[in-house]
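Worksheet: the structure to be examined is printed underneath.
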Amino acid sequence: MASVGKVARIGILISGRGSNMVALADAVSDGRIPTAEITVVISDRRNAAGLAGANIRGIETLVIERRGRPREQHDREIVAALKAREVGLVCLAGYMRVLSREFLDVYRGRILNIHPSLLPSFPGLEAQRQALEQGAKISGCTVHFVDETLDGGPITAQRVVPVYQGDTVETLSQRILIEEHKLYAEAVSLVLRSEGFESRS
Ligand code: GRF
């Protein structure tokens with residue numbers, strides 16, 4: 001990905017609401033990620049609410065559904081779309097599918113994910129519920145590189161939030177989400193700087 005003086009082309013994969021995608025797009029627009037552009041947003045679900053948020057920002061969107069195909073075949077189509085647009089960094093933002101080995105091999109070390117817990121605690125689904133059920137006093141969010149493991153790749157950034165007595169999944173999720181939106185932009189900026197991307201200014 002190293003490419004001094006050039007702008008990193010980011011592809012974002014979503015399945016639903018897309019608030020982290022919007023947070024990344026806005027961080028690029030307002031200069032908090034000064035070395036990048038959001039090149040494409042790809043959803044595996046036609047009705048993902050996040051698609052509207054991308055469209056309104058003038059970002060190209062694609063819907064690439066699984067349609068009963070094997071994972072590898074679905075991923076091949078996504079990878080082809082990313083490569084055709086010379087995407088150098090892939091950000092998963094609420095993308096609800098496990099990536100195939102083939103996808104990982106093409107973009108190894110260039111795929112980030114955000115997860116709503118302090119990994120390695122509470123990987124997988126319903127991380128906020130897991131934290132509450134375990135009686136955790138703190139939780140938070142993590143940005144990490146994606147590998148074959150479930151939410152287990154190298155961590156690039158974390159943010160802690162308190163868990164209050166009386167918290168519900170909804171109140172804790174909302175507290176974490178506010179931090180996710182800031183953290184993802186910071187982590188992407190950090191990764192791009194470490195890859196030698198320079199500011200446009
Ligand atoms: C976020 O909590 C993210 O950490 C998790 O899925 C949720 C996606 O939310 N991976 P959004 O689609 O970005 O609003």
Side-chain angles (χ1 to χ4, degrees), residues 10-29 32-33 36 38 40-57 59 61-66 78 89-99 103-104 107 111-134 136 138-163 167-191:
I10 298 176
I12 305 181
L13 269 52
I14 66 168
S15 295
R17 182 177 54 183
S19 71
N20 278 289
M21 174 275 295
V22 164
L24 286 177
D26 290 349
V28 168
S29 306
R32 277 176 294 137
I33 309 176
I38 308 300
V40 65
V41 170
I42 300 177
S43 172
D44 67 320
R45 294 187 188 159
R46 185 161 299 281
N47 60 357
L51 289 168
N55 283 325
I56 225 164
R57 285 165 177 77
I59 301 168
T61 56
L62 295 175
V63 175
I64 303 180
E65 292 175 304
R66 177 91 174 251
I78 294 173
L89 181 69
V90 179
C91 292
L92 307 185
Y95 186 64
M96 295 304 287
R97 292 191 185 279
V98 172
L99 302 185
F103 194 141
L104 290 170
Y107 275 102
I111 310 171
L112 292 173
N113 181 43
I114 186 152
H115 182 80
S117 77
L118 293 176
L119 292 172
S121 293
F122 314 131
L125 294 174
E126 300 205 75
Q128 302 94 332
R129 183 182 302 282
Q130 294 184 55
L132 288 174
E133 284 174 0
Q134 290 300 315
I138 55 166
S139 189
C141 46
T142 302
V143 177
H144 64 96
F145 285 104
V146 176
D147 64 13
E148 284 79 5
T149 60
L150 177 65
D151 298 324
I155 289 170
T156 65
Q158 288 186 307
R159 184 75 50 86
V160 176
V161 306
V163 180
D167 259 342
T168 61
V169 171
E170 289 68 34
T171 58
L172 179 58
S173 299
Q174 185 53 31
R175 194 175 308 122
I176 293 173
L177 191 63
I178 290 167
E179 299 307 320
E180 288 186 42
H181 294 162
K182 295 182 251 178
L183 186 72
Y184 213 171
E186 288 171 19
V188 167
S189 175
L190 191 75
V191 166

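Indexing begins at 1, ligand by ligand and atom by atom, following the structure's order.
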In Å, rounded to the nearest 0.5 Å, how long is the span from NE2 of H115 to CD of E180?
9.0 Å
For L24, which of S19, C91, S29 qualifies under side-chain contact (heavy atoms from CB on, under 4.5 Å)?
C91
Any idea which atoms of ligand 1 are less than 4.0 Å away from a heavy-atom of H115?
4 (O)
Counting N and O atoms only, with roles assigned by atom type, does the side chain of S117 sit under 3.5 Å from a partner on the main chain of A127, one being a donor and the other an acceptor?
no
Would you mind listing which atoms of ligand 1 come within a distance below 4.0 Å of any non-hydrogen atom of G18?
11 (P), 12 (O), 13 (O), 14 (O)
Less than 4.0 Å is my threshold; does some heavy atom of G50 fall inside it relative to ligand 1?
no
Do the side chain of E179 and the main chain of V160 share a donor and acceptor less than 3.5 angstrom apart?
no
Main-chain N/O of R46 paired to S43 side chain as donor or acceptor, under 3.5 Å:
no
Quick check: does S19 get an N/O under 3.5 Å from an N/O on ligand 1?
yes
So which bit of E180 gets within less than 4.0 Å of ligand 1, heavy atoms only: side chain, backbone, both or neither?
side chain
Nearest non-hydrogen protein atom to atom 6 (O) of ligand 1, with distance, is G94 CA, 3.7 Å
With side-chain contact (heavy atoms from CB on, under 4.5 Å) as the test, pick out the partner of L99 among V90, L92, N113, I78.
L92
Starting from atom 9 (O) of ligand 1, which protein heavy atom do you reach first, and at what distance in Å?
R17 NH2, 3.1 Å
Would I114 count as a contact of ligand 1 if the rule is a heavy atom under 4.0 Å away?
yes
Under 3.5 Å between some N or O of ligand 1 and some N or O of M21?
no
Any salt bridge linking D26 with R32? Criterion: basic side-chain nitrogen under 4.0 Å from a carboxylate oxygen.
no
